[in-house]
Chemist: 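Quick one: the structure is below, and I'll ask about it shortly.
No hydrogens, no waters, no symmetry mates; every other heavy atom, side chains included, goes into these values.
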Amino acid sequence: METISLDTVESTNLYVKTHIDELSDMTVVHAQKQSNGRGRLQRKWVDLGEGNLFLTFVLKPSNMFSNIYSNLTQYLAVVLCRVLENYGLKPEIKWPNDVLVNGKKIAGILSETVMQGSLFKGLALGIGVNLRADNESVKLVKDKDITALNMEINKDVDTGAFREDLCSYFFSEYNNFLNRGFELIQDDYILRACFLGKEITVKLFNSELKGVAKSITGNGELVLIDKNNKEFVLTIGDIL
């Protein structure tokens, strides 16, 4: 694993996408600050200050895109939960890859595919984790309840040690995941799912779908049952 440390960038994902040809497979790019971090569906990821984690995995598993790669964000969510559990927390996952602690979001995960024509160049799998914040800084995020690790455990967090743990956990099962896909983490994912059996609303681009979250398929999809008992299998969306 090669590590690249940066000072300030727009986002680590953008850096990786721009330099994808010169970056080796399984390189880790992290930065002290991000000026324009993004989450899923073009949401802005607010920089809460120094000591937080901004990191992107450079992944080049093949020259052809595989559907398994779409589940890497869910794999990373499970990995993050395992790391947070080492701090005595009980994190939960909100489909597809939001990680919550005490009902508040603590991390953002975004995977972006880099293509050159029909050639698959690689993935920029990015994650931002709130490790250091205070009550005033978390109020900067208006549309979501968020938290930070130091606020949950009431003590400072060593960013470098957290980063090393996350990377170690990620790569320990990464090759196994490429062989087995979501099946490898399905039980762990469901064990931490906070939405199953509940009535939820899922945002689907320009529409919303309401129903009960029935299950998660072997491909990581959400099975939703609406009020007319009609079943929907969702591959993308956000639980509101």
Chemist: So among E152, K104, K105, which one has a side chain to side chain donor-acceptor pair (under 3.5 Å) with T147?
Modeler: E152

Chemist: Do S137 and D134 pair up side chain to side chain, a donor and an acceptor below 3.5 Å, judged on atom types alone?
Modeler: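 Per modelled atom types, S137 and D134 side chains form a pair under 3.5 Å.
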
Chemist: After noting the C-alpha distance and the side-chain angles of V101 and L149, does the key distance pass the side-chain contact (heavy atoms from CB on, under 4.5 Å) rule?
Modeler: CA-CA 9 Å; V101 175; L149 181 53; over 6 Å; no

Chemist: State whether R192 and E85 are salt-bridged, where the test is any N-O pair (Lys NZ or Arg NE/NH1/NH2 against Asp/Glu carboxylate O) under 4.0 Å.
Modeler: yes

Chemist: Keeping W95 on the side-chain end and G237 on the backbone end, is there a donor-acceptor pair under 3.5 Å?
Modeler: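 Here the side-chain-to-backbone pair does not exist.
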
Chemist: Please determine if D21 and K121 form a salt bridge, counting it only when a charged side-chain N lies under 4.0 Å from a carboxylate O.
Modeler: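 Answer for the salt bridge query: yes.
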
Chemist: Stepwise, does the side-chain contact (heavy atoms from CB on, under 4.5 Å) test hold for I4 with V58?
Modeler: CA-CA 11 Å; I4 296 176; V58 182; over 6 Å; no

Chemist: Write down the atom of N67, the atom of N71, and the distance for their closest heavy-atom approach.
Modeler: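 Closest heavy-atom pair between N67 and N71: O-OD1, 3.9 Å.
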
Chemist: Heavy atoms, side chains only, cut-off 4.5 Å: are S5 and V29 in contact?
Modeler: no

Chemist: Calculate, to the nearest 0.5 Å, the distance between atoms OG1 and CG belonging to T56 and L123 respectively.
Modeler: 11.5 Å

Chemist: More than 12 foreign heavy atoms under 6.0 Å from CE of M64: is that the case here?
Modeler: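 Incorrect, the count does not exceed 12.
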
Chemist: Do you see a donor-acceptor pair shorter than 3.5 Å between the side chains of Y169 and N86?
Modeler: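 The criterion, which ignores hydrogens and geometry beyond distance, is satisfied for N86 and Y169.
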
Chemist: Out of V129, D98, L125, which one pairs with I109 under the side chain to side chain contact (heavy atoms under 4.5 Å, CB included) rule?
Modeler: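 The side chain to side chain contact (heavy atoms under 4.5 Å, CB included) with I109 is passed solely by L125 among V129, D98, L125.
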
Chemist: Within the 4.5 Å heavy-atom criterion, are N219 and F182 side-chain neighbours or not?
Modeler: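 SC-SC contact between N219 and F182 ruled out.
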
Chemist: Are the side chains of F170 and F177 in contact, using a 4.5 Å heavy-atom criterion?
Modeler: no

Chemist: Under a 4.5 Å side-chain heavy-atom rule over Ile, Leu, Val, Met, Phe, Trp and Tyr, are Y189 and I106 clustered together?
Modeler: yes

Chemist: Under a 3.5 Å distance rule, please check whether N130 uses its side chain to pair with a backbone N or O of I146 as donor and acceptor.
Modeler: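 Pair absent, no side-chain N/O of N130 close to backbone of I146.
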
Chemist: Any idea how F162 and Y87 line up, ring-wise: parallel (<30°), tilted (30 to 60°), or perpendicular (>60°)?
Modeler: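 Rings of F162 and Y87: tilted, 30 to 60°.
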
Chemist: I want to check something: taking the side chain as every heavy atom from C-beta on, are L222 and F195 in contact at a cut-off of under 4.5 Å?
Modeler: yes

Chemist: Which distance, rounded to the nearest 0.5 Å, do you find between the CE of M26 and the CG of N175?
Modeler: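 Rounded to the nearest 0.5 Å, the CE-CG separation comes out at 6.0 Å.
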
Chemist: Would you say that Q186 contacts Q74 through its side chain, given a criterion of any heavy-atom pair below 4.5 Å between the two side chains?
Modeler: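 When only atoms from C-beta onward are counted, Q74 and Q186 do not touch, as no gap falls below 4.5 Å.
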
Chemist: Sort and list the pairs that fulfil ring-ring contact (aromatic ring centres under 6.0 Å, His included) and have at least one residue in residues 98-136, not counting sequence neighbours.
Modeler: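 The answer is F65-F120, Y69-F120.
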
Chemist: Rounded to the nearest 0.5 Å, what separation is found between the CD atom of E231 and the CG atom of D226?
Modeler: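 CG of D226 is found 10.0 Å from CD of E231.
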
Chemist: Tell me if the centroids of the rings in Y174 and Y75 come within less than 6.0 Å of each other.
Modeler: no

Chemist: Rounded at 0.5 Å granularity, tell me how far OG in S215 sits from CD1 in I225.
Modeler: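 Going from the OG atom of S215 to the CD1 atom of I225 covers 7.5 Å.
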
Chemist: Are T12 and H30 packed together at the side-chain level, in the sense that at least one heavy-atom pair is separated by less than 4.5 angstrom?
Modeler: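 Side-chain contact under 4.5 Å: no.
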
Chemist: With heavy-atom distances below 4.5 Å as the criterion, would you say the side chains of L76 and S111 are in contact?
Modeler: no

Chemist: Let me check something: do I20 and Y15 share a hydrophobic cluster, defined by ILVMFWY side-chain heavy atoms less than 4.5 Å apart, either directly or through other members?
Modeler: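 Linked, I20 and Y15 end up in one cluster.
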
Chemist: Just by modelled atom types, is the K33 backbone N or O under 3.5 Å from a matching donor or acceptor in the D7 side chain?
Modeler: no

Chemist: Would you check if F232 and V223 make a side-chain contact, meaning some heavy-atom pair closer than 4.5 Å?
Modeler: no

Chemist: Please say yes or no: joined through hydrophobic side-chain contacts below 4.5 Å, possibly via intermediate residues, are F171 and V83 part of one cluster?
Modeler: yes

Chemist: Please say whether more than 12 non-hydrogen atoms of neighbouring residues, nucleotides or ligands are located less than 6.0 Å from CG in N179.
Modeler: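 Check passes, neighbour count above 12.
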
Chemist: Can you tell me how far CD of E183 sits from CD1 of I68, rounded to the nearest 0.5 angstrom?
Modeler: 9.5 Å

Chemist: Verify, without hydrogens or angle tests, whether N52 (side chain) and L131 (backbone) share a donor-acceptor contact under 3.5 angstrom.
Modeler: yes

